[in-house]
Participant: 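One structure follows; several queries about it will come next.
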Amino acid sequence: MDQIVTLDSRQEAALQQVAANFVALHQGDTMKALKEMIVLNGHLQDALDALKGRQRGKRYG
């Protein structure tokens, strides 16, 4: 992890609601929701890495 983020109480409440909604999408199965979140984060990380690679190529290419 690159940095630690601290949230105020309003942000924490909003995050809690989003998390509850995400788990509800998975019929309350927190493990299923967690697994999907890990997969989604992996896809997003791959996309970010690809963008970084293209930016490096433009700078030096």
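Position 1 is the first residue of the sequence; numbering continues from there.
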Participant: Output side-chain donor-acceptor pairs under 3.5 Å for residues 22-31, partner residues at least two apart or in another chain, one line each.
Facilitator:
from : atom 1 : to  : atom 2 : distance (Å)
H26  : ND1    : F22 : O      : 2.8
H26  : NE2    : E36 : OE1    : 2.4
Q27  : NE2    : L25 : O      : 3.4
D29  : OD1    : M31 : N      : 3.2
D29  : OD1    : K32 : N      : 3.1

Participant: Let me confirm one number: the CG-CG distance from L44 to D49, rounded to the nearest 0.5 Å.
Facilitator: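 CG of D49 is found 11.0 Å from CG of L44.
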
Participant: Keeping to residues at least two apart or across chains, list the side-chain hydrogen bond (donor to acceptor under 3.5 Å, both in side chains) pairs with something in residues 4-14.
Facilitator: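 Residue pairs passing side-chain hydrogen bond (donor to acceptor under 3.5 Å, both in side chains), neighbours aside: none found.
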
Participant: Could you walk me through whether V39 and K35 pass side chain to side chain contact (heavy atoms under 4.5 Å, CB included), step by step?
Facilitator: CA-CA 6 Å; V39 170; K35 289 175 186 177; 5.7 Å; no

Participant: Not counting sequence neighbours, which residues clear side chain to side chain donor-acceptor pair (under 3.5 Å) with N41? List them please.
Facilitator: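 Testing N41 for side chain to side chain donor-acceptor pair (under 3.5 Å), a comparison that skips the adjacent residues, returns none.
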
